[in-house]
Protein chains: 2
Amino acid sequence: MRIKDRDKQEALFLAAVKVVNEIGFASSSVSKIAKEAGVSPATLYIYHKNKDDLLISTYLNIKRKLTDAVLGDMDDSLPIRDGFRRVWLNLFRFAGDHLDYFQFAEQFSNSPYNDQVDQDAVDAMYEPMGRLIRRGIREKVVKDMHPEVISSFVFYPVIILSNPRLTRRVEMTEALIEESFQLAWDAIKL
Amino acid sequence: MRIKDRDKQEALFLAAVKVVNEIGFASSSVSKIAKEAGVSPATLYIYHKNKDDLLISTYLNIKRKLTDAVLGDMDDSLPIRDGFRRVWLNLFRFAGDHLDYFQFAEQFSNSPYNDQVDQDAVDAMYEPMGRLIRRGIREKVVKDMHPEVISSFVFYPVIILSNPRLTRRVEMTEALIEESFQLAWDAIKL
DNA sequence: ACCAAAAGCGAATGATCGTTTAGTTAAGAG
DNA sequence: CTCTTAACTAAACGATCATTCGCTTTTGGT
């Protein structure tokens, strides 16, 4: 028996990201994504059971790449502030390198599609971050608040600042990224 | 000659918000929105020149209501911190009262539709906020950074914290909202 | 070398899409 | 009350939608 083509898998993933970012969920059709991937619409259904499945697995694929890139080099022996700083810088680098992934993920997670993903599975990917936050609280370096509150002050500003659709007037230079991290740290430090 | 019906205008606005929030941009069609509004699809074209125009003006309508509710009672004589605090609390109250507006706006502003809106016009609505930030910097109470950076640390966490799609584990009580404001203030204060 | 089976595709399915047309209804001006 | 005009609609337009069908091609196992 024949085996599924890894290249087609990847081509479909990249095509979904590209088409959705260029024309939005409203206009993105299976045939447009298939054409962009250089594949028949019928072939797409060998890899995904329907359109929703294609989009959901594209999202999960991005989330996995994101958490790998951002949390992959976490080190429990690092001082708390350095741990946060490393993740912060990773996030900016990833956003710069893969703006398209970021944009797709934002479009997706704000849409009703998000209700179809297993949120606990996504949250589990962020577990290393939760560990860092809890350690910071235990060591009396970080304010004792729910990890989701801490995260929202540290990481969501990054999502805004690295999205040129929302932040048109500011160019995020190396120095400005470092300065901005100080704001994030000031928000959460004890 | 006959006059346009204000109730239909409003019904179309509410229907667009409701349908888009329930089934997303991907599945939202003109006929579904018209049916929800209790109106013929053809009638919709008397009020909007096409589908995009309907969605864009729905978004701008929400943005106007939002800035009115959040920035409408700004007072230049208030101490800086109290000014920020008032806007912060307004934003939480508005998010609680009109979660549907918030959700629509987030879906919209993260999609390519956003490229079709005059961003300068939207930015102008936030001008009172820019004034407050610049006054804070001038009086050496707020860090001297670009207003968009300051805003991203103060207000975007609110958008996350008040979105139950993203923040499922934390219930934002009055006390927690007040505590969270302290984090926002710590981030930007000198 | 051959076979089984899954990959792969072009074309067709019926449904729904955004928009227009042709005609009816209702209300403000006189 | 009448005329005018724009609001309003049901039905229809061609286009495109998500998905499937019938068939061909490829490939791993023997």
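No hydrogens, no waters, no symmetry mates; every other heavy atom, side chains included, goes into these values. Chain identifiers are assigned alphabetically (A, B, ...) following the order of the sequence lines, protein sequences preceding nucleic acid strands; residue numbering begins at 1 within each chain.
For DNA chain C, the span of nucleotides reached by chain B at under 4.0 Å from its heavy atoms goes, 5' to 3', from C:dC17 to C:dG28.
Per the geometry, CD1 belonging to A:I23 stands 13 Å off C1' belonging to D:dC17, to the nearest Å. As a whole-Å value, the separation of B:R2 CZ from D:dA7 C1' is 4 Å.
Nearer the 5' end of DNA chain C, as judged by each residue's closest nucleotide, is the contact made by A:P41, out of A:P41 and B:S31.
A search for salt bridge (Lys or Arg N to Asp or Glu O under 4.0 Å) contacts involving A:R131 returns A:D76, not counting sequence neighbours. A:D7 meets the salt bridge (Lys or Arg N to Asp or Glu O under 4.0 Å) test with no other residue; sequence neighbours excluded. In this view, A:H98 and A:F94, A:Y101 satisfy the ring pair (Phe, Tyr, Trp, His ring centres under 6.0 Å) rule, not counting sequence neighbours. For A:R86, there are no salt bridge (Lys or Arg N to Asp or Glu O under 4.0 Å) partners at least two apart in sequence or on another chain. Remark: A:Y45 pairs with no residue by the ring pair (Phe, Tyr, Trp, His ring centres under 6.0 Å) rule, at least two apart or across chains. Under the rule for a ring pair (Phe, Tyr, Trp, His ring centres under 6.0 Å), the partners of B:F25 that lie at least two apart in sequence or sit in another chain are B:F104, B:Y113. A:K189 is linked by a salt bridge (Lys or Arg N to Asp or Glu O under 4.0 Å) to A:D186, counting only residues two or more places apart in sequence or in another chain. B:F153 pairs by the ring pair (Phe, Tyr, Trp, His ring centres under 6.0 Å) definition with nothing, not counting sequence neighbours.
DNA chain D lies under 4.0 Å from at least one heavy atom of each of the following residues of residues 43-52 of chain B: B:T43, B:I46, B:Y47. Within residues 3-14 of chain B, the residues having any heavy atom under 4.0 Å from DNA chain D are, by residue number, B:I3, B:K4, B:D5, B:K8.
Contact of the A:L78 side chain with the A:F84 side chain is not registered, since no non-hydrogen atoms from C-beta on lie closer than 4.5 Å. Residues A:L89 and A:F181 fail the side-chain proximity criterion, which asks for heavy atoms closer than 4.5 Å. Between A:Q103 and A:V17 there is no side-chain heavy-atom pair separated by less than 4.5 Å. The closest side-chain heavy-atom distance from A:R135 to A:I80 is below 4.5 Å.
The C1' atoms of five pairs define one axis at each end of the helix from C:dA1-D:dT30 to C:dG30-D:dC1, and these two axes lie 30° apart (to 10°).
Side-chain N/O atoms of B:E106 and B:N163 include no donor and acceptor closer than 3.5 Å.
Taking 4.0 angstrom as the limit, A:S29 places a side-chain polar atom (N or O) nearer than this to OP1 or OP2 of D:dC17.
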